[in-house]
Asks: 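There's a structure below that I have some questions on.
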Protein chains: 2
Amino acid sequence: MGAHVESLQDRGEATRQRLIDAALAVFGEFGFDGASTRMLADQAGANLAAIPYHFGSKEGLYRAAAQYIVERITDQTNAMLEEIEHALLNALPRAKALGFLHKYTDTMVAIMLGSKEADSWAAFIMKEQLQPGAAFEILYNGMMRRIHEAGAGLVAVLLKQPQIDNRIRLRAIAIFGQILIFRTSRHSVLRQLGWKEFSRDRLELIQSIIRENVDLVATGSA
Amino acid sequence: MGAHVESLQDRGEATRQRLIDAALAVFGEFGFDGASTRMLADQAGANLAAIPYHFGSKEGLYRAAAQYIVERITDQTNAMLEEIEHALLNALPRAKALGFLHKYTDTMVAIMLGSKEADSWAAFIMKEQLQPGAAFEILYNGMMRRIHEAGAGLVAVLLKQPQIDNRIRLRAIAIFGQILIFRTSRHSVLRQLGWKEFSRDRLELIQSIIRENVDLVATGSA
DNA sequence: GTCTATAGTCGGATAGAC
DNA sequence: GTCTATCCGACTATAGAC
């Protein structure tokens, strides 16, 4: 491969990545139907025809954006999840499970509310949940299932249950719900609290409330 | 007014109502942008031009649907909310507040997951939360604020706080999140649980889990 | 790989007959 | 109040020049 061919490939790869970045922002804000290929191309500084060229279709770009989200969230959670998954294989003291669960909820709050770029990801995921489409399987199999199973495993230890059953799963889901509402009902929640945004200290306040509620689940079964 | 004129008015009123029913179903499923006026008119068995005639525009119909949701949910919650609001004006024993909160969470679960028609309402509301538009103010001022304040008032009593502050609000929001996740993440949750739907007994199981978590908040501050 | 130009479809709103 | 017919704008995808 000569330098000329390589530079063409690089250009293509750069356009591809700009389109994915644009897809996260635009699909996140307007949803699949609400986003137009013109918006996507403009935001990426690319040509309209670059979308079908690189991704086959608008839907192909949508799927690629979902895959990108899975990869980035895996980057941010993989170390913690591996630690939890490994710990769950052996007899795990309840105190340690509680510590893991605190770390788990703190991380989820931080990912979902902490960064500006998370706004796009979160909106993308939530819209896909509400109206499951081409990307749901990518998101669910790529990260949601694993994140849920790790949480449920920790809850099982806290409740002294040897196996994860649906009662355990429901408790894990309830814990997750306490975090998720700050995303799904962001506008209502901010208004109720008289806040304009989730600043860093407010985020820590939310994390501490969730941790306290996790503690209650633990003490409730002590 | 003669009989002839009245029958014309009735016909118009019936078309109007059919359009609102269709709007709940179609906007709920596809969102504002995803729904076309042709879908709406077909579903209602009405003519395309009936939408601008009766509601001024597609957006007018959207707002009317939001107002209709507020009215129907108020029908289902007003008695309970008035009872709670009245009780909160006087010194309320914690045991009684706990009972009210159980009734409150049970009612919310039932409204959000219990009826087939709630599927449309819930989807409509969730989509509006994600991308606040013309109907957000109608929904928030018409019912959300009041529902939240009632919950927060009860939590304040449970935590022996004389005033509702943001720490109290956050706890009330967390409780609500435990319910809401079964809506916002319906597909993921069902899949995690290996369920196809929220049947009546599963709904009662969810209600019992939420009640237990509410109890923990109460005992945690005992 | 990227561009312009365009084909083909579907969107919401309106005019005017009934 | 309801209907048909139609306008005009916006959409996605493609063809073909560079």
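So that the names make sense, note that chain A is the first sequence line, chain B the second, and so on, each numbered from 1.
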Asks: Is the charged tip of B:Arg191 near the ring of A:Tyr140: under 6.0 Å from the six-membered ring centre and within 45° of its axis?
Replies: yes
Asks: Does a donor on one side chain sit under 3.5 Å from an acceptor on the other, for B:Gln67 and B:Tyr62?
Replies: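 The answer is no; no qualifying pair exists.
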Asks: Side chain to side chain donor-acceptor pair (under 3.5 Å): which pairs involve residues 117-127 of chain A, sequence neighbours left out?
Replies: A:Asp119-A:Arg183
Asks: Using atom OH of A:Tyr53 as one end and atom P of C:dC3 as the other, report the distance to the nearest whole Å.
Replies: 13 Å
Asks: A:Ile51 CD1 to C:dT4 C1': how many Å, rounded?
Replies: 16 Å
Asks: Could you check how far CG of B:Leu48 sits from P of D:dT6, rounded to whole Å?
Replies: 15 Å
Asks: Of all the nucleotides listed (D:dT2, D:dC3, C:dA13), which has the minimum atom distance to the side chain of B:Ala49?
Replies: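 Comparing D:dT2, D:dC3, C:dA13 against the side chain of B:Ala49, the answer is D:dC3.
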Asks: Report the distance from atom CG of A:Leu81 to atom OG1 of A:Thr77, rounding to the nearest 0.5 Å.
Replies: 4.5 Å
Asks: In whole Å, I'd like the distance from the CZ atom of B:Phe30 to the P atom of C:dG11.
Replies: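 Whole-Å distance recorded here is 11 Å.
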Asks: Taking side chain to side chain donor-acceptor pair (under 3.5 Å) as the definition, give me every residue that meets it alongside B:His54, ordered by chain and number, with sequence neighbours left out.
Replies: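 Checked B:His54 against side chain to side chain donor-acceptor pair (under 3.5 Å); zero matches.
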Asks: Residues of residues 35-47 of chain B with any non-hydrogen atom less than 4.0 angstrom from an atom of DNA chain C: list those, numerically ordered, please.
Replies: B:Ala35, B:Ser36, B:Thr37, B:Arg38
Asks: Charged N to carboxylate O under 4.0 angstrom, A:Glu149 versus A:Arg145?
Replies: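 The answer is no: the pair does not qualify as a salt bridge.
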Asks: Is it true that B:Asn166 and B:Arg171 share a donor-acceptor pair across their side chains at a distance under 3.5 Å?
Replies: no
Asks: Whole Å only: how far is the NE2 atom of A:His54 from the P atom of C:dG1?
Replies: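 Checked: the NE2 to P distance equals 6 Å.
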Asks: When you measure from every atom of DNA chain C, which of residues 55-69 of chain B have a heavy atom less than 4.0 Å away?
Replies: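 Per residue number, the list reads B:Ser57, B:Lys58.
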Asks: Which side-chain N or O atoms in residues 17-31 of chain A pair as donor and acceptor under 3.5 Å with protein atoms at least two apart or in another chain?
Replies:
| residue | atom | partner | partner atom | Å |
| --- | --- | --- | --- | --- |
| A:Gln17 | NE2 | A:Asp21 | OD1 | 3.1 |
| A:Arg18 | NE | A:Ala44 | O | 2.7 |

Asks: Take the C1' atoms of the five end pairs on each side of the helix from C:dG1-D:dC18 to C:dC18-D:dG1, get both axes, and report the angle to 10 degrees.
Replies: 0°
Asks: Do the side-chain N or O atoms of B:Thr15 get closer than 4.0 angstrom to the phosphate oxygens (OP1, OP2) of D:dT2?
Replies: yes
Asks: Can you tell whether the side chains of B:Arg63 and B:Glu137 come within less than 4.0 Å, N to carboxylate O?
Replies: no
Asks: Do A:Thr184 and B:Gln129 get their side chains close enough for a donor-acceptor pair, meaning under 3.5 Å?
Replies: no
Asks: Would you verify whether the NZ or CZ of A:Arg186 falls within 45 degrees of the ring axis of A:Phe182 while also being under 6.0 Å from that six-membered ring's centre?
Replies: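 Judged by the rule (NZ or CZ under 6.0 Å from the ring centre, within 45° of its axis), A:Arg186 is not positioned above A:Phe182.
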